[in-house]
Each structure stands twice: as structure tokens, then as C-alpha cells.
Amino acid sequence: MSGDRLLPDEWQRGPRYGGAYTFARCPASRDLSRADVAIVGVPMDMAVLYRAGARFGPRGIRDASGQLRPHGWEPDEIEAPFDKLRVVDYGDLDVFPGYIEQTMDHLTSEFKRIVRAGVIPVVLGGDHGTSLPVLRALAERHGKMSLVHFDAHPDFWPGPPGRPYHHGTSFRIATEEGLIDPAASVQIGIRGSLSASLIEEARVAGFHLLTASEFAARGVTGTLEDISRIASAGGGPVYVSLDIDCVDPAYAPGTGTPEVAGLTSREIVELVRGLPAASVVGFDIVEVAPAYDQAEITALLAANLVYEFLLVLAAAR
Ligand code: MN
Ligand code: MN
């Protein structure tokens with residue numbers, strides 16, 4: 001398929017900080033017939049409960065992604081993902097501020113177009129409400145999925161009656177709608193001022209939940225064993241959702257609801273590298289809010305995590 005390759009702009013030809021506003025200088029395109037992966041922005045933060053600003057997440061991550069070169073960044077692990085994967089930057093989807101139900105419906109139908117074309121969505125949020133329309137679209141094609149969920153929060157709260165949508169209810173709704181199978185799902189990095197009963201509820205629902213302290217004790221290797229055993233053992237579809245607040249605010253301050261004592265940037269990079277490539281049908285990275293960032297460290301981490309995920313997908317080809 002070499003004649004049909006889609007490559008990022010050559011990185012030494014012009015300045016990496018110049019040119020088109022796309023992820024890692026990938027071609028801007030909505031031609032799904034010539035893509036394996038679509039980078040899709042969802043500039044939405046109308047589901048947040050605390051500090052807004054994740055609507056600028058896609059823009060911040062794309063800006064920071066200018067730093068990326070089109071190969072891996074550890075000398076012994078150089079890969080050329082774009083030789084194996086045709087990656088397009090699909091641009092941002094429309095959202096309608098103030099109208100969350102209409103936005104959710106619109107995003108679901110837009111993601112269905114991408115998924116029906118057999119293209120893997122790699123989604124730049126947006127708050128964590130972003131995951132729900134992606135899961136609804138993917139479930140139409142793949143059925144019930146395993147969830148690998150990195151977050152300080154289980155996002156398993158019940159919404160108030162009649163108002164189900166906020167960024168902390170996504171995986172409760174996804175469970176109720178049968179989009180994900182909690183018994184085949186893992187949540188990593190949970191911490192902060194949460195009630196023990198909420199954590200217990202998620203566990204009773206079936207989630208394999210590792211608090212940040214439990215993760216620290218289990219380590220990266222043990223946690224990857226858990227993911228492999230629980231989420232990818234049956235070879236069923238796996239969705240990966242990465243809330244940047246799983247990472248400690250020392251490494252990722254640019255987010256709406258930071259929680260202290262989280263993962264390091266090294267740990268989250270290693271976890272993403274170890275994901276079960278063959279089974280993954282979609283990925284999102286959410287809750288990057290550039291207005292609270294310092295020196296772009298959060299956006300740069302997010303851009304690198306997307307890139308690491310592309311390496312994982314490429315390795316499975
Ligand atoms: Mn979240
Ligand atoms: Mn969170």
C-alpha cells in the first residue's frame with residue numbers, strides 16, 4: 001500500500017511550529033476511504049462540574065504536537081507509525097454550547113460515520129462527557145466493550161434525576177446502556193475526596209478499580225498484567241479512555257479537577273505503551289484545559305500520549 005501512504009509533513013523541511021494546524025503535521029482530511037485512524041477534536045466542556053476550559057483541549061494538544069517527530073522517541077524503540085498507519089487529522093466536530101443533549105446526539109452520529117467506515121477514532125477532548133458519544137458509535141459496530149480507564153475519578157456517579165449528563169456520569173450511563181462490560185473493565189488512578197461508597201459501587205458493578213495507592217503498590221508491570229488479564233483476555237473490543245487528571249498535577253496541572261498524589265508522566269507513558277494493541281477499537285484523551293497549564297507541560301504530555309497510542313496501533317499491524 002506504499003502508493004497509498006499518508007505521511008506527515010517531512011519534519012526537517014520547514015519549522016515544526018509552522019504550517020497547518022493539525023496533529024503532528026498529519027494531513028487534514030475527511031476522506032475516510034484513505035484512512036486507518038482519524039484524529040478527531042471535540043471542543044466541548046459543557047459537562048464539567050468545576051473549572052471549564054477543556055474546550056481548548058484539542059487546540060492545545062495539536063499545538064504541543066508540533067514538537068513530535070514522525071518516529072518514536074527512545075533510541076531503542078524507534079518505530080515509524082505513519083509507514084504502517086494512515087493517520088488523518090479529521091479536524092474538530094461541531095458542538096452546541098448550552099445544548100448538551102443535541103450535542104451528544106450530533107457527536108454520536110458524526111462518530112458513527114467514522115466507525116462505520118472502519119476507521120479507528122483517536123479523540124482529543126473535551127471534557128469526559130466526550131467519551132459517551134464515541135462509545136455509543138463504537139457499540140453499534142463492535143457491541144459491548146471492555147473499558148481501560150485512566151482517571152482520578154471513577155466517573156460512575158449517578159446524575160440528578162432528569163439531568164443525567166455531566167463529566168462524572170459517563171461510565172455509569174455507558175454501563176446502563178450496555179456499551180461497556182464492567183466485569184471486563186479496569187479503572188486506574190482513582191483518588192481524592194471521593195466517598196468510599198462510590199468506589200464500592202463501581203466495584204460491585206464489576207469494575208477492577210485500582211486506586212492511585214493500589215496502583216503504586218501494584219506497579220506498572222502488575223497493572224499491565226491486570227489489563228491484559230481482565231480487559232483483553234477474551235479478545236473482545238477494548239476502548240481506552242484517558243483522563244489527564246489521572247496524572248499528578250505536578251506533571252499535568254492543566255486540567256479542570258486536579259487531584260494530588262497521582263501517576264507520574266513516566267508511569268502513564270509506560271501504561272499506554274503496554275496497551276493490548278490488537279483489541280483496541282478507540283481511544284480518547286480528555287480534560288486537558290490549557291488555561292491552567294504551565295509551560296505547556298500538560299498539553300505536551302497529552303500530545304505524546306496520543307503519539308504513544310499511535311505507536312501501539314502501528315505495532316499491531
Ligand atoms: Mn474523568
Ligand atoms: Mn477525572
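By convention here, the first residue in the shown sequence is residue 1. Counting convention: from 1, in listed order, for ligands and their atoms alike. Note that the structure is predicted; figures quoted are calculated from it, not measured.
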Query raised in the report: Which protein N, O or S atoms lie under 2.8 Å from the Mn ion (ligand 2), given by chain and residue number?
Result: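 Those protein N, O or S atoms (cut-off: under 2.8 Å from the Mn ion (ligand 2)) are Asp151 OD1, His153 ND1, Asp243 OD2, Asp245 OD1, Asp245 OD2.
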Requested in this report: Please state whether the rings of His149 and His128 are parallel, tilted or perpendicular, taking 30° and 60° as the class boundaries.
Outcome: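 His149 and His128: perpendicular rings.
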Report task. Take the angle between the ring planes of Phe207 and Phe156 and call it parallel below 30°, perpendicular above 60°, tilted in between. Result ->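 If you compare the ring of Phe207 with that of Phe156, the planes turn out perpendicular.
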Query raised in the report: Asp245 and Thr255: side-chain donor and acceptor closer than 3.5 Å?
Result: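 The criterion, which ignores hydrogens and geometry beyond distance, is not satisfied for Thr255 and Asp245.
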Query raised in the report: Can you name the closest pair of heavy atoms from Asp45 and Gly53 and give their distance?
Result: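 Minimum heavy-atom separation between Asp45 and Gly53: OD2-N, 2.7 Å.
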Query raised in the report: Which atom pair, heavy atoms only, marks the closest approach of Ser265 to Tyr251?
Result: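 Residues Ser265 and Tyr251, closest heavy atoms: OG-CD2, 3.3 Å.
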Query raised in the report: Does the ring of Phe23 carry Arg62 above it, NZ/CZ under 6.0 angstrom from centre and within 45° of its axis?
Result: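 Output no; distance or angle outside limits.
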